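What follows is one structure encoded as structure tokens, with my remarks underneath.
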Protein chains: 2
Amino acid sequence: MSVGGPTGDDLVEMLAALANPIRLRIVATLAGRRDYVSQLARELGVSRPLLHMHLRRLEAAGLITGRLELSDEGKAMKYYEVTDFDLHLTASAVAEAVQTLTRPDPGKGPAPKEST
Amino acid sequence: MSVGGPTGDDLVEMLAALANPIRLRIVATLAGRRDYVSQLARELGVSRPLLHMHLRRLEAAGLITGRLELSDEGKAMKYYEVTDFDLHLTASAVAEAVQTLTRPDPGKGPAPKEST
DNA sequence: TTCACGTGTAAGGAAAAAATGACACGTGAA
DNA sequence: TTCACGTGTCATTTTTTCCTTACACGTGAA
């Protein structure tokens, strides 16, 4: 059971990628049909540079993929589409993923001991 | 079916709450047994003020709950435990949640139009 | 009283994320 | 050539998070 899921680090990256209104809307939009950057920017009402950053983040997390294509008019269009990710989050799933966390991120020392 | 899931805003909050190594480890730890703040801080190797902040964030997202109890020695102990949340994330689930997003967060105007 | 251990919060700085604006480059059509 | 539309990046500012330090309060035991 439990698809084994992503590693702890990957999970954090995916969650961080989804934990943003704009990126959530990007995923939602691409869930219906693939789209190219400029068009997507217009539909979402965000600037291209900003959209570009969000797209990179989503793609880095493996939630969307983009590829450059040439339109009939010879223009380079970058089309993005969603990958069919499937994250099932429960406390136990999190517990499992945490075992593969390589960024404990605190100083890794025993503890910051404060009162001694 | 599809539990109907949380609203878009709630989803963003939950995702943001989970998108952090420390908070993920908190959830993982509490998935096994409930625990009180100071003890949890020692186990995770983080300072109490820091843990406190993370706990608040998790509780605000509805992923954990805490209640103050009096120990036999009369000390006030705040015990936290995980709620049995169950988030199923797919592109279509995101698309559904986005419909209830109240923080489009961009200026809400049509678009920043840049070249015209 | 003092110490150990529990609770909590407020102030301030460092670091990361989000957002904007100004660029540069390429192509087809007027 | 110039315009419209596509691609991309870099530099900078604004905003959020994250984290530490320091403090305050309460109780039981030495």
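Please read these numbers as outputs of a predicted model, since none were measured by experiment. Every chain is numbered from 1 and lettered A, B, ... according to where its sequence line falls, protein lines coming before strand lines.
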Atom-to-atom span, CG of Leu50(A) to P of dT13(D) - whole angstrom: 18 Å
His52(A) side chain near dT7(D) phosphate (N/O to OP1/OP2, under 4.0 Å): no
Phosphate OP1/OP2 of dG6(C): any Lys78(B) side-chain N/O under 4.0 Å: no
Separation of atom CG in Leu70(B) from atom C1' in dG6(C), rounded to whole Å: 11 Å
Listed once per pair and sorted, the salt bridge (charged side-chain N to carboxylate O under 4.0 Å, His left out) pairs that draw on residues 64-75 of chain A, sequence neighbours left out: Arg34(A)-Glu69(A), Arg67(A)-Glu69(A), Arg67(A)-Glu81(A)
Shortest side-chain distance from Pro49(A), nucleotide among dT9(D), dG8(C), dG6(C): dT9(D)
Paired and unpaired positions of DNA chain C as dot-bracket, Watson-Crick or G-U wobble under 3.5 Å, | denoting a partner strand: ||||||||||||||||||||||||||||||
Nearest-nucleotide comparison on DNA chain C, the residue closer to the 5′ end among Val37(B) and Asp72(A): Val37(B)
Side chain proximity check, Leu101(B) to Val12(B), heavy atoms < 4.5 angstrom: yes
Sugar-phosphate only, base, or nothing, as touched by Arg57(B) at under 4.0 Å among non-hydrogen atoms: sugar-phosphate
From Ile64(A) atom CD1 to Arg57(A) atom CZ, the distance as rounded to the nearest 0.5 Å: 12.5 Å
Which residue lies more 5' along DNA chain C, comparing Lys75(B) with Ala16(A) via nearest heavy atoms: Lys75(B)
Nucleotide nearest Tyr36(A) when distance is taken to its side chain, options dG6(D), dT9(D), dA18(C): dG6(D)
Side-chain N,O (His54(B)) to OP1/OP2 (dT17(D)) below 4.0 Å: no
Backbone of Ala16(A) reached by a side-chain donor or acceptor of Arg23(A) within 3.5 Å: yes
Side-chain donor-acceptor pair present, Thr90(A), Asp86(B), cut-off under 3.5 Å: no
Heavy-atom check, side chain of Val27(A) versus side chain of Leu18(A), under 4.5 Å: yes
Separation of atom CE in Met53(A) from atom P in dA16(C), rounded to whole Å: 15 Å
Touch class at under 4.0 angstrom, heavy-atom based, for Arg23(A) against every strand present: sugar-phosphate
Reported CG-to-CG distance for the pair Leu24(A) and Asn20(A), which is rounded to 0.5 angstrom: 8.0 Å
Atom pair OG1 (Thr100(A)) and CG (Leu11(A)), whose distance is rounded to the nearest 0.5 Å: 8.5 Å
Rounded distance (Å) that lies between atom P of dT7(D) and atom CD of Glu69(A): 11 Å
Arg48(B) CZ to dG8(C) P, straight-line distance once rounded to whole Å: 10 Å
Gap between atoms CG and C1', on Leu58(A) and dA18(C) respectively (whole Å): 14 Å
Atom-to-atom span, CD1 of Ile22(A) to P of dT15(D) - whole angstrom: 15 Å
Separation of dA15(C) P from Asn20(B) CG (nearest whole Å): 17 Å
Residue-phosphate contact under 4.0 Å: Ser47(B) side-chain N/O, dT20(D) OP1/OP2: yes
